[in-house]
Amino acid sequence: MVHQAQGLLVQEVAADGELPSRYVLKEQQGRPAAAADAQRAAPSIPTVDVDRLADADAGEADKLRSALASWGLFAVTGHGMTDPFLDAILGAARGFFHLPMEAKQEYRNVVDADDGGRKFQPEGYGVDRVDTDEQVLDWCDRLYLQVRPDDARQLRFWPTHPSDLAELLKEFSVEGEKVAKLVVTAMARCLGFEEGFFLDKVGERMPSYARFTYYPPCPRPDLVHGLKPHTDNSVVTVLLLDEQVGGLQVLKDGSWVDVPVLGDGRHQLLVVVGDEMEITSNAAFRAPIHRVMAPGEEAERVSLAVFYQPEPDRVLEPSPELVDGERPAMYKKLQAKVFADGFWDAFALGERTIDFLKVKVDAVDQATAAVSGA
Ligand SMILES: O=C(O)CCC(=O)C(=O)O
Ligand SMILES: [Fe+2]
């Protein structure tokens, strides 16, 4: 059974110019406007040159260490993807979302179920999962696709229009994977480990999922979440932002901080630390909570996130090398697939997967482990 609101695309709601109550946050639910003042004097986000990281440049490694410690995300340069290429992929994404609704129907994420009804499934085009009447819905539609490994692609969800979208996405995910691996390698070095330390644990094959998100014009961006506060379901995420319309905010030291657009048509590419890295590193690196504000009435916004995940059969746990009496394991062991699947349940509730699946070791357990040397 699928919730009746599952079938409603935000793009269609936006076309009516109304703001139905399903999208409106209650005052105590952290409306975006309430945080607006806190960001004014905020410092700009750090930048790391991944090309220099690849050369094991010590100064760049220091920048990475500091970016990870204070932000958990950073802008990347030296990734080799050109502005025209990044422009083309976001352009193709806009082209897809602007297709007539009939043309997008065949990629819908609500499909026929075995019981004769309809069911939601993560891949495809539509809105995020709706479980209950109480759930406040985000002001965005998305297209979600598994990109790697190649043989796991469900091509029936891959749009054939715009005709270059699929090829551009494949190329982006390959280039993004290089960035992700360089960063994960450098993160191992930051902690004094061999380069393959994290990659060996999560698996070289790193399945990846792409999420194109479309935020339609919104009559009251102060009352809704474009995308609700969350941490990512990934080891690391490579995130390409709309080059004209801002909206991404990261929670830093208790305040929401804007990630600004660069201007002049330049494209901002970010790396975001995800939950699976937080667990594997025993919180040496933390996944930042971030959200997106909906655009105003005159604007729309697109983004492309590619989530690089651990191989599903891997055990997800704090690396034993990062656990000792002084720093006991902060998370319980579980299968990577269980964690990745739990993300969808948690996200619908607006919770972190780590909290929803009760992966955190509580203080009492930690004290016992420290005493027993476990
Ligand atoms: O649209 C954005 O800028 C961010 C999207 C995001 O956080 C995500 O897809 O996980
Ligand atoms: Fe995210």
Side-chain angles (χ1 to χ4, degrees), residues 10-11 32 39 45 71-76 86 89-90 93-94 96-97 109 122-129 137-147 169 172-173 176 180 207-218 221 224-252 256-262 266-278 285-296 299-309 339-340 343-344 346-348 350-354:
V10 180
Q11 194 172 10
Q39 2 150 339
I45 61 160
W71 292 83
L73 60 70
F74 50 89
V76 281
L86 297 174
I89 191 159
L90 287 184
R94 286 186 195 102
F96 171 74
F97 288 110
N109 58 3
E123 280 194 68
Y125 164 63
V127 296
D128 285 307
R129 204 175 85 193
L137 305 183
D138 291 341
W139 192 260
C140 66
D141 297 331
R142 90 293 193 276
L143 172 67
Y144 188 75
L145 301 168
Q146 179 161 12
V147 187
L169 177 57
F172 183 86
S173 86
S208 59
Y209 293 83
R211 176 187 172 110
F212 292 96
T213 311
Y214 173 71
Y215 305 88
C218 180
V224 308
H225 282 317
L227 190 60
K228 66 172 82 68
H230 65 281
T231 50
D232 284 351
N233 181 11
S234 68
V235 177
V236 291
T237 307
V238 173
L239 173 60
L240 174 61
L241 301 181
D242 192 297
E243 75 280 14
Q244 281 176 10
V245 181
L248 176 64
Q249 296 185 323
V250 55
L251 190 62
K252 183 177 186 313
W256 290 104
V257 177
D258 275 322
V259 178
V261 292
L262 292 176
R266 288 174 303 151
H267 293 76
Q268 183 82 286
L269 195 74
L270 304 181
V271 167
V272 185
V273 173
D275 284 341
E276 284 92 327
M277 176 54 93
E278 178 169 322
F285 304 119
R286 287 185 189 263
I289 298 177
H290 53 286
R291 70 178 184 186
V292 179
M293 289 179 69
E300 59 173 23
R301 181 175 184 276
V302 290
S303 67
L304 167 59
V306 180
F307 306 97
Y308 295 91
Q309 296 184 355
F339 188 86
F343 173 82
W344 299 104
F347 191 72
E351 289 184 26
R352 283 194 71 186
T353 318
I354 283 177

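One-based numbering, in listed order, for ligands and for the atoms of each.
Below 3.5 Å of separation, one finds no N or O of Thr213 facing any N or O of ligand 1.
Each protein N, O or S atom less than 2.8 Å from the Fe ion (ligand 2) was counted, giving 3.
Distance from atom 4 (C) of ligand 1 to its nearest protein heavy atom, with residue and atom name: Val292 CG2, 3.6 Å. Ranking protein heavy atoms by distance to atom 3 (O) of ligand 1, first place goes to Arg301 NH2, 2.8 Å.
For Pro260, there are no side-chain contact (heavy atoms from CB on, under 4.5 Å) partners two or more places apart in sequence or in a different chain.
A pairwise comparison of heavy atoms in Leu241 and Leu90 identifies O-CD1, 3.5 Å as the closest pair. Taking both residues in full, the closest heavy atoms of Val272 and Leu73 are given as CA-CB, 4.0 Å, listed atom of the first, atom of the second, then distance. Contact detail for Val147 and Ser173: the closest heavy-atom pair is CG1-OG, 3.0 Å. In terms of heavy-atom proximity, Arg301 sits nearest to Pro295 at N-CG, 4.1 Å. Contact between Gln11 and Phe97 at its shortest, heavy atoms only, is NE2-O, 2.8 Å. Ala294 and Pro221 get closest at one heavy-atom pair: O-CB, 3.2 Å.
Listed by atom number, the atoms of ligand 1 under 4.0 Å from His290 heavy atoms are 7 (O). Contact atoms of ligand 1 toward Tyr215: 1 (O), 2 (C), 5 (C) (distance under 4.0 Å to a heavy atom of the residue). Taking every heavy atom of Phe307 and a limit of under 4.0 angstrom, the matching atoms of ligand 1 come to 8 (C), 9 (O), 10 (O). The atoms of ligand 1 that sit less than 4.0 Å from any heavy atom of Arg211 are 9 (O). Using a 4.0 Å cut-off to heavy atoms of Leu241, the atoms of ligand 1 that qualify are 3 (O). Listed by number with element, the atoms of ligand 1 under 4.0 Å from a non-hydrogen atom of Ala305 are 9 (O).
Looking at Asp141, its side chain never comes within 3.5 Å of a backbone N or O of Tyr214 through a donor-acceptor pair. A donor-acceptor contact shorter than 3.5 Å links the side chain of Asn109 to the backbone of Val127.
Within the structure, the closest approach of Arg142 to ligand 1 does not fall below 4.0 Å when heavy atoms are considered.
Across the listed options Pro229, Gly274, Ser303, Gly226, Ser303 owns the non-hydrogen atom lying nearest to atom 2 (C) of ligand 1.
Under 4.0 Å from ligand 1, the heavy atoms of Leu227 that appear belong solely to its side chain. Only the side chain of Asp232 comes within contact range of ligand 1, with a heavy atom under 4.0 Å; no backbone atom does. Residue contacts with ligand 1 for Asp242 are absent, since no atom lies close enough (heavy atoms, distance under 4.0 Å).
Taking the six-membered ring where tryptophan is involved, the planes of Phe343 and Phe347 are essentially parallel, since the angle between them stays under 30° and well short of 60°.
Applying the side chain to side chain contact (heavy atoms under 4.5 Å, CB included) test between Asp275 and each of Arg286, Arg352, Gln309, His230 identifies Arg352 as the sole match.
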**OP:** Evaluate the salt bridge (charged side-chain N to carboxylate O under 4.0 Å, His left out) criterion for residues Arg211 and Asp128: first the C-alpha distance (whole Å), next the side-chain angles of each, then the deciding distance (0.1 Å), finally the verdict.
**Re:** CA-CA 11 Å; Arg211 176 187 172 110; Asp128 285 307; 2.9 Å; yes
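Neither side chain, Glu123 nor Tyr144, offers a donor N or O lying under 3.5 Å from an acceptor on the other.
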